[in-house]
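Contents: one structure, followed by commentary.
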Amino acid sequence: MTHQGDQFTARLGRFVLRHKLVVVLVWLAVAVAGVFATVALGDRLTEDFAQPGQPGYEANQAIHRLYGTGGDDPPLVVVVTLPTGSTAAQQRAEIGRLFSAAASAMDVRVVSYADTADPRFVGDGGRTTYGLVFTEPTRGMNANLSEPLKKALQPALMRGATLRVTGMEALADAEAKGLDVLAETLIGGLGALIVLGFVFGSVLALVPILVAAVSIPVTFLAVYGLTAVTGVHTIVQFIVSLVGLGVAIDYSLLLITRWREERALGYEGEAAVERAMATAGRSVVISGATVGIGLLAMVIIPVPFLRSVGYGGILVPLVSVLTVLTLLPVLLAKGGPRLDRRRRLPAGPGRWSAWARGVVRFRWAGLAASVALLAALGFAAFSLQLGQPVSGSLPRSGPAYEGLSELRRAGIPSGVLTPLDVILPHGADPAAEAARLAELPGVRTAVAPRGWRSGGTSLITIIPLDETGTEAGRATIARVRAAVPAGAQVSGEGPHSLDFVSAVYGGFPAMLALIAVLTFLLLVRAFRSLLLAVKAIVLNLLSLGATMGAVVLVWQYGYGSEPIWGLAGTGSIAEFIPVMIFAFLYGLSMDYEVFILARMREAYDRTGSTDEAVIEGLGRTGRLVTSAALILFLAFGSLAAAPQPEIKMFATGLGLGVLLDATVIRALLLPAFVAVMGRWNWWLPGWLALLVRVPASPEVRTPGPRAEPDPAGRG
C-alpha cells in the first residue's frame with residue numbers, strides 16, 4: 001500500500017506516463033534553447049564583488065571615481081636594483097625619469113623614492129629601490145599588466161640596472177592556468193559514466209548522463225533569464241555545470257535503483273515506474289528541498305555576489321528534481337528494460353548488508369571511532385583564518401616571484417605589496433597626516449605626493465610592514481581606521497576583505513538557526529520522527545565542521561595544496577569559501593541522509609525492528625550512496641582544475657565533504673547511532689505531528705514517551 005505522503009509523486013508519475021510524447025518534446029525544446037543560452041551567457045555574467053554600504057567597498061568606489069586607480073586592485077611593485085657602487089640617493093633623478101615614463105605611457109598613479117626621498121623606499125644599503133604603480137581597477141582582474149609596464153619602463157632604465165615587476169596580481173597570474181567550464185564538465189561526465197558502468201553493468205548507465213545533459217543546459221537557460229533581473233557572478237557557470245552534473249545523476253541513481261528493485265519483485269512496465277516514483281520520487285523531492293534550504297544561507301546574506309550564487313545554486317536542484325521526476329520516468333518506461341537487459345552486476349544489497357550487520361553488532365565502537373575522527377578534523381577548523389592569500393602561498397617561480405625575492409633579499413618587507421590608500425576630506429593637511437600615520441605600529445611609511453588631489457580631496461598611501469592578508473596586517477588596518485581624521489576613508493583590498501567577513505559572518509548564527517529550524521520541520525514530516533530529524537541536522541553540522549578542518553589542513557597549512565597543485569599553504573582561506581561550502585554541502589550531504597533514512601523508516605514500518613531497519617536500509621542504499629558520492633567527488637575534482645585558486649578551494653571542500661559524508665558519516669556513524677538509540681528513533685510527540693501535519697498511517701509505529709528503549713539499544 002502506498003503511503004499517503006507519496007501520493008503527489010505517484011500521481012505525477014502517472015501523469016507523465018500518460019503524456020510521454022509531450023513531456024519528451026517539451027524537454028527537448030527547452031534543452032535546445034538552453035544550449036543557445038549557454039553560449040550567450042558568458043557576456044551577461046559579472047566579476048563584481050560589490051558590498052554596498054560597507055566602508056571599505058565605498059572607499060574603494062570613491063578612489064576609483066576620484067583618482068581612477070587603486071582601491072581593491074593592489075598595485076604592481078617595480079623593483080630596481082642599481083649597479084654596484086650606485087645608490088638611490090645618487091640616482092634619484094634617474095629614478096624619477098624611470099617612473100615618469102610609466103605614468104605617461106600607461107596613465108597610472110605612481111609613487112617612488114624620487115617623489116618622497118623617503119629612505120623606507122630603499123633597501124640593500126641604498127642599492128635596491130621600489131615604486132608602486134597603481135593601475136586602472138577595471139583592468140586589474142582581467143589582465144596582468146606586468147609585461148606592458150616593463151616595456152614602458154625599459155627605455156628609461158639606467159645602464160647596468162636590473163628591473164623586475166611583482167605584485168599580488170602578477171604573482172597570482174602565474175598560477176591562473178586550468179581548464180574551462182566545458183572541459184571540466186566533459187571530464188566530470190566521463191568519470192561519472194565510468195562509475196555508472198560499474199553500478200549498472202549495462203547500457204542503462206547512459207540514462208543518468210542523458211538526464212544531466214538535459215538538466216544542465218536548462219539550468220543555464222534559467223540562469224540566463226536570471227541575469228535580466230539581477231547580476232549573476234561568473235562563478236555560477238562552474239557551479240551549474242559541475243554541481244548540476246552530480247545532483248542530476250544522484251537523483252537519477254536513486255529513482256533508477258528503486259525501479260530495478262521493483263522489477264526484481266516482479267513488477268513490469270509502467271507499474272514498476274509508478275511504484276518507484278511513489279517511494280524514491282518522494283525522496284528526490286525531499287532531497288531537492290534540503291539543498292534549497294541550505295542555499296538560503298547565501299540568498300539572505302546582504303552581499304550581492306553571494307546572493308547571486310545562491311540564486312543560481314537553487315536553480316540546480318530545482319531543475320534536476322523536475323527533470324528526474326518528469327523525463328526520467330518516460331525514459332525508464334519506454335527504454336529501461338531493453339537498456340538494462342544485459343546487466344552483469346546483481347541488483348541486491350550484496351556486501352552492504354553484511355557491513356550493516358557488523359555496524360549493528362559493534363555499534364558503540366563504530367559510534368566512538370567515527371566521532372573521534374570527526375572531532376579531530378573539526379578541531380583543525382578552530383584555527384581557520386579568513387582573508388586574502390599571502391604572497392608566500394603564491395607560485396614560487398616566474399618573473400613576479402623573482403621580483404618578490406629581490407625585495408626580500410634587500411630587506412624590504414612584503415607589506416609593500418598590499419598598501420592602503422586614505423582619502424582625506426577637504427581641509428586636511430596630507431603631509432601632516434602622513435607623518436602622523438607613519439608612526440603607527442605596523443606601518444612602514446606613509447606618503448602624500450603633492451599631485452594627489454581630486455574633487456576637493458587629497459590622498460595618502462600607507463605601506464604596512466605586514467601584508468593585509470595576515471593577522472598582523474589586519475591589526476594594522478584596524479589601527480589606521482581608528483587613527484584617520486573624521487570624514488577620511490581607508491581603501492584597499494584589506495579593508496574590503498575585513499568588511500566582507502563582518503557582513504557575511506556577523507549574522508551567521510541567526511542564519512544557521514533559521515536553516516536548522518526549516519530543515520527540522522521538513523525532516524520531521526519526511527521521517528515521522530523527532531530524534532531522526534534532530535540527528536540528521538547534528539550529523540550534518542559535524543560533517544561540515546570536519547570538512548572545514550580538512551580544508552584548513554589542505555590549503556591554509558598546505559598539507560595537500562603543495563603536493564597536489566604545487567601551491568604553498570595560503571595562510572588563510574578566502575572569505576567567501578566557508579559560507580559557500582556550507583550552503584552547498586549542507587544540502588548535498590543531507591541527500592544521503594534522506595536516501596538512507598527513508599529506507600530505514602520504510603523497513604521499520606514493515607518489520608518493527610530497529611536492527612532490521614538499519615541492516616535493510618543501509619544494505620539497500622549503501623552502494624547507491626557510495627556511487628553517488630564518488631560521482632560528485634569526480635565532478636568536484638574536475639572543478640578543482642579551474643585556474644582560480646578560490647575555485648580550487650571551494651571544489652576541495654565540496655569533494656572532501658561529500659567523500660567524508662558518504663563514508664564516515666553515512667556508512668558508520670549514522671547506522672551506529674540509529675542502532676544505539678533503538679525504539680527512540682521512531683518516537684514522534686502528537687503535538688509535533690499536528691504542527692507539521694504529518695499524515696496518519698496505520699503502518700507507522702510510534703512508541704510514546706513512556707516506552708522504555710531496549711538497554712542494549714536493539715529494536
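Since this is a predicted model, take the numbers as computed values, not measurements.
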Worksheet entry | Pairs where residues 439-453 contributes a residue and the test side-chain hydrogen bond (donor to acceptor under 3.5 Å, both in side chains) is met, not counting sequence neighbours | D118-T445
Discussion item. With a 3.5 Å distance limit and no angle check, can you tell me whether S241 reaches the backbone of Q237 through a side-chain donor-acceptor pair?
Written reply: yes
Worksheet item: Backbone N or O of F134 within a donor-acceptor pair of the R109 side chain at under 3.5 Å?
Response: no
Practice prompt. Could you tell me which non-hydrogen atom of V422 sits nearest to which non-hydrogen atom of A488, and how far apart they are?
Written response: CG1-CB, 4.1 Å
Worksheet item: Do the side chain of N60 and the main chain of G492 share a donor and acceptor less than 3.5 angstrom apart?
Response: yes
Discussion item. Main chain of Q489, side chain of E58: is a donor-acceptor contact present, judged purely on distance under 3.5 Å?
Written reply: no
Side-chain donor-acceptor pairs under 3.5 Å in residues 161-168, sequence neighbours left out?
residue : atom : partner : partner atom : Å
T166    : OG1  : A400    : O            : 2.8

Practice prompt. For F36, look at atom CZ and say whether over 12 heavy atoms of other residues, nucleotides or ligands are found less than 6.0 Å away.
Written response: no
Practice prompt. Take R92 and D115, measure what salt bridge (charged side-chain N to carboxylate O under 4.0 Å, His left out) needs, and give me the verdict at the end.
Written response: CA-CA 9 Å; R92 183 180 175 190; D115 307 299; over 6 Å; no
Response to the item:
The side-chain contact (heavy atoms from CB on, under 4.5 Å) partner of L417 among L132, I463, V77, T468 is V77
Practice prompt. Answer whether the closest heavy-atom distance between the side chains of L157 and L153 falls below 4.5 Å.
Written response: no
Fill in: M158 vs V80 side-chain heavy atoms within contact, under 4.5 Å
yes
Practice prompt. Heavy atoms only: give me the nearest P425-A486 pair and the separation to one decimal.
Written response: CG-O, 3.7 Å
Discussion item. Do F382 and V552 make a side-chain contact, defined as non-hydrogen atoms from C-beta onward lying under 4.5 Å apart?
Written reply: no
Discussion item. Could you check whether any side-chain heavy atom of L654 comes within less than 4.5 Å of a side-chain heavy atom of F584, counting everything from C-beta outward?
Written reply: yes
Item to complete: Take S383 and Y557 through the side-chain contact (heavy atoms from CB on, under 4.5 Å) test and state the conclusion after the steps.
Response: CA-CA 10 Å; S383 60; Y557 294 116; 3.0 Å; yes
Practice prompt. Find the distance between CZ (R409) and CG (D124) and round it off to the nearest 0.5 Å.
Written response: 4.0 Å
Worksheet item: How long is the span from the CD atom in Q61 to the CD atom in Q54, to the nearest 0.5 Å?
Response: 13.0 Å
Fill in: E467 versus S414, side-chain donor and acceptor atoms under 3.5 Å
yes
Worksheet entry | Main-chain N/O of T81 paired to E406 side chain as donor or acceptor, under 3.5 Å | no
Item to complete: Kindly indicate, with the supporting measurements, whether the criterion side-chain contact (heavy atoms from CB on, under 4.5 Å) is fulfilled by V232 and R44.
Response: CA-CA 8 Å; V232 178; R44 299 171 69 100; over 6 Å; no
Worksheet item: Given the side-chain rings of Y57 and F500, with only the six-membered ring counted for Trp, is the space between their centroids under 6.0 Å?
Response: no
Item to complete: Write down the atom of Y224, the atom of A40, and the distance for their closest heavy-atom approach.
Response: CE1-CB, 4.0 Å
Worksheet item: Would you say the side-chain atoms of S86 pair up with the backbone N or O of L82, donor to acceptor, closer than 3.5 Å?
Response: no
Response to the item:
Nearest heavy-atom approach of M649 to I581 is O-CD1, 4.3 Å
Worksheet entry | Straight-line distance of F99 CZ to E94 CD, nearest 0.5 Å | 13.0 Å
Fill in: Proximity of Y113 and Y130 rings by center, below 6.0 Å
no
Discussion item. Given 3.5 Å as the limit, does a donor-acceptor pair link the side chain of S458 with the main chain of P430, or not?
Written reply: no
Worksheet entry | Option passing side-chain contact (heavy atoms from CB on, under 4.5 Å) with L386 (candidates L498, V501, I577) | V501
Item to complete: Taking the side chain as every heavy atom from C-beta outward, state whether E575 and V504 have any pair of such atoms under 4.5 Å apart.
Response: no
Worksheet entry | Min side-chain heavy-atom separation V122-P119 under 4.5 Å | no
Practice prompt. Examine distances only and state if a side-chain atom of H64 and a backbone atom of G70 form a donor-acceptor pair shorter than 3.5 Å.
Written response: yes
Fill in: A88 versus T129, closest heavy-atom pair with distance
CB-CB, 4.4 Å
Discussion item. Side chains of L440 and V480, heavy atoms from C-beta outward: is any pair under 4.5 Å?
Written reply: yes
Worksheet item: When rounded to the nearest 0.5 angstrom, what distance separates CG in L553 from OG1 in T652?
Response: 12.5 Å
Discussion item. If I take atom CD1 from residue I63 and atom OG1 from residue T69, how far apart are they, to the nearest 0.5 angstrom?
Written reply: 6.0 Å
Worksheet item: Any sub-3.5 Å donor-acceptor pair from R408's side-chain atoms to G403's backbone N or O?
Response: no
Practice prompt. Sort and list the pairs that fulfil salt bridge (charged side-chain N to carboxylate O under 4.0 Å, His left out) and have at least one residue in residues 469-498, not counting sequence neighbours.
Written response: R481-D499
Discussion item. How long is the straight-line distance from CG of L226 back to OH of Y311, given to the nearest 0.5 Å?
Written reply: 8.0 Å
Worksheet entry | Residues Y67 and T457: side-chain donor-acceptor under 3.5 angstrom | yes
Discussion item. Set out, in order, the CA-CA distance, both residues' side-chain angles and the distance that settles side-chain contact (heavy atoms from CB on, under 4.5 Å) for L424 and L459, then state yes or no.
Written reply: CA-CA 6 Å; L424 296 175; L459 196 61; over 6 Å; no
Worksheet item: If every non-hydrogen atom of R307 is compared with every non-hydrogen atom of V299, which pair is closest and at what distance?
Response: NE-O, 3.1 Å
Discussion item. Determine whether L306 and M580 satisfy the following criterion, side-chain contact (heavy atoms from CB on, under 4.5 Å), listing intermediate values before the conclusion.
Written reply: CA-CA 8 Å; L306 287 178; M580 284 184 59; 3.8 Å; yes
Fill in: Side chain to side chain, L437 and V443, heavy atoms closer than 4.5 Å
no
